[in-house]
Structure formats: structure tokens, C-alpha cells
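The chains referred to below are lettered A, B, ... by the order of the sequence lines, with proteins before strands, and numbering in each begins at 1.
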Amino acid sequence: MAYAYLFKYIIIGDTGVGKSCLLLQFTDKRFQPVHDLTIGVEFGARMITIDGKQIKLQIWDTAGQEAFRSITRSYYRGAAGALLVYDITRRETFNHLTTWLEDARQHSNSNMVIMLIGNKSDLDARREVKKEEGEVFAREHGLVFMETSAKLATNVEDAFINTAKEIYEKIQEGVFDITNEANGIKIGPQHSPNNPSLPAGPQGSSQGGGCC
Amino acid sequence: MEYFRSGLKSVLGTPPPGEQPSGAETIERLVERLKSSTLLDDRRDACRALKAMSRKYRVEVGAQGMDPICYILENDRADAEIVGYALDTLCNIIDPEIFPEEELPEGTSHRDINVGEQFTEIFIKNQENVALVLGYLEEFDFRVRWSAVKFLNGLLANRRKNIQDIVLVSPMGVSKLMDLLGDSREIIRNDALLLLISLTQANANIQKIVAFEMAFDRLFDVISEEGHADGGIVVEDCLRLMLNLLKNNISNQNFFKEGSYIQKLAQMFHLPDSDPNEGWSAQREANILTLLQVIRSLVTPGNPAQVVSSCQKVLHASGILGSLCTLLMTSGVPVGILTETINTVAEIIRGNHPNQEFFAMVNVSSDPPRQAIVVLLMSMMNQKQSYPLRCSVLYCFLCYLYRNETNQAKLIATLLPSATSIPSLTAGQLLCSGLFSSDSLSNWFCCVGLAHGLADNPAQKESLLKVLLCPRAGEPPVSLLKQSFLLLQQSIKVHSKLGVLMLLSTWLSHCPLAVQHFLNIPDTVPYLIAQAATIEHDENQELMQGLCAFVLGICVIFNDDSVLNLTKESLAQLILKRIGVDMFLDKLSEVSRHELYSRAAKRPQLDCDQVHEPVLDYEFCKLYKALEGPVSRCIAEKSGGTQNGGVGYSDSSLEQYTALISTQNKEIAELKAKQEALTEENRQYREKVDQLEQQARQLHEHNIVLRSQMNSGNNAASENNSNSAYPPPPPPPDNRDVMIRSLENEVQNLRLQVAYSSKNNAEVEMLRVQLYESDTKRKELDESLEKLQLDQDDLLEMLESREHKLEVYRNRLIQLGQQVDEEEAEINGTVF
């Protein structure tokens, strides 16, 4: 598998804001309208390209329900990026952002890139949280902000890719300690000095499915 | 021991001469010291002594010392030594095993009271205690960390579920454990492995977190450090943990595949050639066996199809499938490994065409070279091979055929008479020869193998009918179908019979041509009926009898009536007469209620634990499940029909029926006439409705005209008078018939329309009133106009007389010599 870097992401936020849908849209390019409650944590992966380099994203989609909070906390530490999601049609999911952010900051490594996402932008008629409010919150807390629609695939790519770009820049700046894999970043096999000769096979291209 | 005794003496002081204190007393004093000593050294000594006594006097130490020891854990964390003793003591008192030196309380055996478990329960009652121990995992000091790991292992052994829950909710609990894998001290790393194996058992959430914490990377690092497949037991432990993480955990399987870990597994198959005389070491065997299980966990048929197929693809591409096939053909491989390798290959190729194709091309370098599948089938026929191995070969063969019409066709084609002579032994020939084997298990295997060659493939079912066999030289050839039936008839082994019955069920289902051939073989139906009608049976015969009934049922529902005496109807009647509906249904349901049936239906792989028990095949169970319903329904329906009519018809009943029929005929005629009359009536009503509709339309139009007239102020009321007559309401509808009823509806509609037009009439009336009013107004206006005209006339007259006067005056003025204004004269002239 030819990749320059591997980034680990987590997706967090209240239940029903569309975390799993964002992941599904990103990895499989499809939308599932029925809310299927995530139990614990689910895994997804995709390859992207940044600056001409192949980057593998491994994404852990967490359960938003309070009951799973202690389980999902275990995932903060090892993640390089987090997508913090709220639902623009439900004010309370926006109000809970502070709690989520505190939780994330407390349990994650300090360099973790957090992207704030206001999801369901297609439901503008039922909007309860203005875009400006999201922008202000993001600015106040030093987050990147974006409104997305997992249903219409609006900004979904960008949300994941911009997060990766941010991490990539931090690596270039030397902020991230990439030798410590516990930070959620791994250097690809062809970049590491002692590259074990892996059997080359067609799976290399097949798995790299949705590069942009 | 002497060392401890001296240690004890130093702690407790020399006992008074001649009086040895009992164990309980000593412990009491030690616990007291542990609680009350202000000096750390004293507490440490007491703790060390307690640890020494905790094996022999486990119950006393546990009962009295648990709380003070927990207190030590909480408050003496700065001293690694005392913490180490405390953890070791706890570790001893909760140990699930009995120590050889242990003194049990009188009158009890260890079986009655599981002391370790009870102390575990007491310890974890306070969750803080477990959190404390987890905290000590972060302590780098060897004594503390290692003791904590051992103690947690003990707790897990006794109360796994509770500990799992506590670890899950304690912050970074799993992460702390995972960090231990990176410990450079091997003993800690190895014990941590055991700890994680136990912790990850049957808990998907922990499994996922462990995987997230890069367990697979760590494990492959350890495996590589330890020398891959030829490494020690640590490699096996690593693979066991990997198996725990992957088994039934789809999320982790995806992660494993996406993280390219499958490719890392491939490296493990680079086995250095072992000395053929020496064979495999037991540890290598264990390592490879676990490795095979890890691979199977990714492609087991129970996983979602999408996960299975993507893993199959990677397993092929990474070269693992190739390595496994090589392993299959390598000599000196232990039979257990060989069996599991065959099972693994089976699941990697199952339903995956490229992989099945790859496997078909694998050859053994013998003289002449043979297909691997043929060589495997040969060992399946070999009675000397182990039963699990033979089962695994069959499983592999079935997976090779599964959802692959090409391979099915190839198998059947080798049996068909063809112009080109087949050079060597083929799979099909092997299977057919297996039908003649005296070994009942071979019969069974071959029947199931052949059945899978036909599964869901009507074309092959028909081609196989053409196959002729020569059982003995000099005898006329027999069709394979007949030969199968002969085997069913002649075999005395239940195993063989079940095999043939399954083959027949598969063959005949959905294939009327095969049913026709089968019914044309003499004795088939009587034999099956006789079997199915048997009341008494010994072990496992109920399965056989049930399957006979099933085959009969298949002959009924897939019967195209081409065999004269055994049409669908007559065969059904025969079954009802000879077996009876209740008994038939009973026999059928006995199969699906059978324990062996439910066991076989669980998974595609054969259940080969019981050597001598006959088994059913997974695919057959699916067929049975699908057809049991239709068969029982069909027979039950036939019985329903005959029960009403009785078997023979008497003359009187015949007459009765004739009478009944004639009356019914009359009734039908009457009803027909009635219906015609009603249709006519309906037509008339329809016409009327049309007329009425027309009128209504006219009225409506008139109304519009009237309104416009009204608006323009013209008087048109008199015209409306002619339209005030309405058509009479339709006659009340007759509700004898549905059609009438629909007509009624239409009439109803019409009435509504009429009502609407009457409303229009009211409007007309109103308009008329308004017209009248405006008329009177006009008259008034006319009168006033007349008056005004009169006034005007008067005024004109007056004006004229004045004019006249004015003229007189002017003339007089002119006469008087006064100059008269020309203009004035002219104006006057133009005005008048």
C-alpha cells in the first residue's frame, strides 16, 4: 500500500447529527437516510491526495449517545484529527459543543486538529443555528469551520481533506512529532528507511478507491 | 521456607518457648501491625510476611487483610516495594487454583467454595480498587508493574465481564494496558499479552479500542522480533490476541484489511524448510494453526458477504492463497495443519470466481501431473485418512463448486460420454466410483459432492441424467440415477442412504425431467412409500424416513404428468392412501426438528466432531427449508379435497349431485336473465341521465346569458319564464344489483346537478325582482323628465316673450336715435 502518511481521525458530536452519514458519504459516496444508531465505534478508511502525496485516512466514527461516552473517550488520544459535528437544525447540538470540546481537549494530544462541522445544510428551511454563529464559535476556539450536507455531499470531501491539509501543514512545520505513532500519524512504508518488501499486488490500486 | 520463617521471627519477635502461635493468630497480629504501624518499614515487613503466608493461609489472609492491603495500595504508593508485596498478596488470595500447601478450613473442599472467586468479588465491589491497580500499570518499577499485571490477570480469570466493564469506563484503561506491549522487559510484555487476550474476549468495544491503539502494529513487531512462525509461544499468543480482535468484529476486520495487515500475515508463510525426518515442532504447528484461524476469521461464511469477498481478494493478491496451496502439497505437514489449511483454502475460494479458478489450476508435481482437487478427493475416498481431514476435503470441494456454474459444468462434463477420451482420473469419476465404495462415509461424501455439482443448476441436473455406468464388466450399463437408487435400496448403512436421499432431493427438485426419469425406474415409488410409512424406527432412521417422504413430495410438486400411472394427482392420492396425510407431515417435520438438522443448518462447514453419526449437509438443509412448506401444503391440500368427497361415489350421492347441479343450472339461467334485465334497465337509466345532464347544461347556459343580460341592464326576465320547467326527478333507483347501485350513484349526481340548476332559478327570480325595481325607478325618472320638459317649454316661452320685448325696446331705441351695439345685436341674433 503506497501512502506517504496515515492519519487517524475521529468523528464526535451529539447523537443524530449525521456523523455516520458523513463517514459513509466520504468513504462510499452514498447517503443512508435511516438513522442507524452507532454502537460504540465504527471504522472507515479512504485514500486522498494532498500536495501530490497519497494520504491514507483511517476514521473512527463514534457513538454520540451519552452511554458510550466513556468508550469513545478512549479514541481521543490516538487521533491526529477530529471532526466535531453539530446539526444546524437542532440548537441543542450546537449548545453542547463546549462540552465536547472540553472533553476532546482534555483527552487528546494538544496538537490534534479539530474541524467544526455544521451538518445538514440542505435543511435550510429548518435551520436553528446561523452560519455566522458557527463561524464565531470556531474563531473563538481556534477551530476550522465548515457547513456540510452529508445528504447532498456538499463540502463533505472538503471537510475531511481540509483537516488533512491542516495536519499536513503542521507536520511540515514540525509541530507534530511524527515518530510517535500514538499521535495518530504514521509514515508510509516507502518513506520509512527500512521498507519491508511487501508483495506487490493489484490490491494496491483497488483499495485506494476514492482518491480525488 | 526457612528464610521466611526467620523473616517471620524477626517481624513477630520470638514466640514464647513451647508455644507455637497458630496461623490465624499470626495473621491477626500482622494485619494489626499493617494497620497501625506508623513506620513504613514496619508496614512493609508486615506486608512481606502476609505475602509469605497468603498461599498457605489464603482464607485468613484474605478475610482479615483485604481492607488494610487496599489501604496500603491507596496510601503507600510512593514505596514500590510495599506496593509490590501488597499486589502479590492480593494476587495469591484471588488465585483460581488451589496451592499445594494451602490449608482449607475444616470440613470444606475447594470445590464447595471457590475462595479466589469470592475474594475477587469482594475486591472489585469497590471499583476504585481496580482503578488503583490500573494506575499501578503506569508505575515503571518492575515489581509494581509486573505484580499489577499478574493480579489483573487473576481478576480477569475469575470475573472477566466485571473487569471488562470497569476497564472500559476507567479513563485510558485500555490505553494503559496497550502501553505494556511496548515494555522492553519481556516478562511484562508477555504477561500483558495474556492479559489482553483475556480482556478482549467477547467484548467488541474493548477489541476495537485495542485495535485503535495500534495493537496490530505492536503484535506484528513482536511476531517479527520473536522469529515469525518459528518463534516461541509468544508468537502464538500474539496470533491468539489477533484472532480475538478479528473474530466476529466487522469493524476491526475492515481496519485490518484497510491497514494492509493481511499482507503482513503473508510473511508468516515464509517457512524455512524443516528437516523432513524431524517434522514440525509442536510450537510451529500451534503458531500456524492459530495463523490459519486468523485468516479464516476474515473469510468465514458468517461474515457479511462484502467483507468476505474483499478479504478473499486481498488474500489472493497478497499471495496467501498461493502459499496455502503450496503448503497443501508439501510433504511432512502434520495432519492437523493440513486439515485446517484445506478448510482455510475452502473459505478463501468459496463463491469467489477468480480464487476458485486459481485453485482449479493448482497442480501437483506428480507423474502425470494431477489437479490438486483430484488428489484431495482421492484422500477423501481413502478410509485410512482421518475423519476431519476427509470432511475438510469435502468442504473444500463444495466451496470450489459454490455459486460457480463453470466448475459445476466441468465436473458433470467429465462424466458424460464424449468423443475425446479423458486422459486421466477426473473429479467426476472419483465421485462416481465413490458411490460403489463399500465405505458408507465415502458414499455419503460422494453423494453430497455430486449434489453440489447440481445445486441451483437445472442444466446440469438434466445432463447428469445421461450418465451411464458400468458397475461390473459384462453387464449392461445402468444410469447413474438408477445406480443411486439401487444404492439406496441395497445399502444397509444409514449414512449411505442419507447421502443418496440428499442427492436425489437436489437432483429431482426443480427438474421435472429428472422426476420423470426417476418415476420410470421400477420400484422407486413403492420403496419410498414403504420407508415413509414405517412406524417404528431406531436411531437416526427417522431422518431417513423423513427424507424418503421428502423425495416423494418433490416427485409430486415437480411432476409434469408425463409418467402415465404416476401423475401429480395419482401420486398424491397414493401417498394419502398408503401413508396418510398426518403421518406424511409428521415424517417431514421430524427432519426439521431433528438435532442433527439444526446443527448442519448452522454453517456450511461440516460438523465433524461426531465420527460415527450421520450428518446432513448445509446446502441440503437450505433446500429442505425452502421446499418443506410447499410439499406439506401440496399434500395437505390434496387431502382436504378428498376428505369432503369420500373415496368411492355411491349412486345416491351421484343422483344427489346431479340434482344439485340441475338446480344450480336453473339458478344460473335465472340469474342470467335477471342480469340481462338489469343491464337493459341500466342502459335506460343511463339515457335518462344523459338527457338530464343535457338539460342541466342548458339551464346553466341560460343562467349565464341571464346574468350577462342583467349586467347590461336589459330587461330579459320575461325570457326566463319559459325555462322555469324542470325535468322530472329520476325514478327511485332499484337496488337489486350492483350495477343498479352504480346507476343510483349517477342519479344522485344528477340530482345534485338539478339542485344546482334550481339554485340558478332562484337567482333568476332575484334578477327579476331587481328588474322590476329598476323599472319603477325608470318610470319615476320618466315622469320627472316630463316635468322638466314642461318646465323647459315654459322657460322657452318665457324667453321668447322676453326676446320679443327686447326687440320692441331696441326698435324703440333706434327710433329714439340711440346707437345700438352691433355686436350685441349679432350675439342676440346667433342665440336666437
Side-chain angles (χ1 to χ4, degrees), chain A residues 1-3 6 8-10 23 27-28 38-47 56-63 67-79 103 106-109 180-186 188-189 194 196-209, chain B residues 165-179 182 203-215 217-218 220-221 224 249-267 269-270 306 310-320 322-323 354:
Chain A
M1 284 301 296
Y3 59 83
L6 184 153
K8 286 186 179 180
Y9 281 12
I10 50 171
L23 178 60
T27 58
D28 288 28
T38 308
I39 306 294
V41 171
E42 290 304 324
F43 171 79
R46 213 188 101 175
M47 197 79 102
K56 182 152 203 153
L57 299 185
Q58 291 185 336
I59 306 144
W60 276 264
D61 163 34
T62 66
F68 294 107
R69 199 63 65 87
S70 63
I71 293 173
T72 54
R73 273 194 198 113
S74 306
Y75 291 84
Y76 288 117
R77 186 179 75 156
D103 221 27
Q106 190 190 338
H107 294 98
S108 68
N109 73 71
N180 183 0
E181 289 184 358
N183 286 337
I185 297 169
K186 208 164 135 182
N194 46 354
S197 57
L198 290 168
Q203 83 280 2
S205 54
S206 69
Q207 287 192 355
Chain B
D165 291 344
I166 296 171
V167 168
L168 259 183
V169 297
S170 68
M172 292 293 127
V174 179
S175 310
K176 283 172 197 161
L177 291 171
M178 279 304 298
D179 289 344
N203 189 314
N205 280 321
I206 293 185
Q207 288 163 5
K208 287 179 195 172
I209 299 175
V210 169
F212 177 80
E213 293 280 349
M214 288 177 300
D217 292 287
R218 293 286 94 77
F220 278 112
D221 288 347
S224 151
N249 191 324
I250 307 303
S251 181
N252 275 358
Q253 287 168 8
N254 272 326
F255 176 51
F256 194 78
K257 176 174 62 86
E258 290 292 338
S260 315
Y261 295 111
I262 294 180
Q263 286 83 342
K264 291 195 176 180
L265 283 180
Q267 295 170 314
F269 284 101
H270 300 312
Q306 180 223 336
S310 58
C311 284
Q312 284 173 330
K313 203 165 142 191
V314 182
L315 283 169
H316 183 177
S318 63
I320 289 181
S323 306

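Looking at B/Asp217, the atoms closer than 4.5 Å to chain A (heavy atoms on both sides) all sit in the side chain, from C-beta outward. For A/Ile39, the part sitting under 4.5 Å from any heavy atom of chain B is the backbone (N, CA, C, O) and nothing else. Looking at B/Val174, there are no atoms closer than 4.5 Å to chain A (heavy atoms on both sides), in backbone or side chain. In this structure, the portions of B/Met214 lying under 4.5 Å from any heavy atom of chain A include both its backbone and its side chain.
With rounding to the nearest 0.5 angstrom, the NE2 atom of A/His107 is 10.0 Å from the OG atom of B/Ser175. Taken from CZ in A/Arg46 to CD in B/Glu258, the straight-line distance is 11.5 Å, to the nearest 0.5 Å.
Counting only heavy atoms from C-beta outward, the side chains of A/Phe43 and B/Phe212 never approach each other to under 4.5 Å.
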- [ ] Under the salt bridge (Lys or Arg N to Asp or Glu O under 4.0 Å) rule, what do A/Arg77 and B/Asp179 come out as? Steps first, then yes or no, please.
- [x] CA-CA 13 Å; A/Arg77 186 179 75 156; B/Asp179 289 344; 3.5 Å; yes
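By the salt bridge (Lys or Arg N to Asp or Glu O under 4.0 Å) test, B/Lys208 pairs with A/Glu42, sequence neighbours left out. Listed by chain and number, the residues in a side chain to side chain contact (heavy atoms under 4.5 Å, CB included) with B/Asn205 are A/Ile71, B/Leu168, B/Asn203 (sequence neighbours excluded).
Taking chain B as the reference chain and counting heavy-atom pairs below 4.5 Å, the highest number among A/Gly78, A/Gly40, A/Ala79 is found for A/Gly78.
Heavy-atom minimum distance, B/Gly259 versus A/Gln58: CA-NE2, 3.9 Å.
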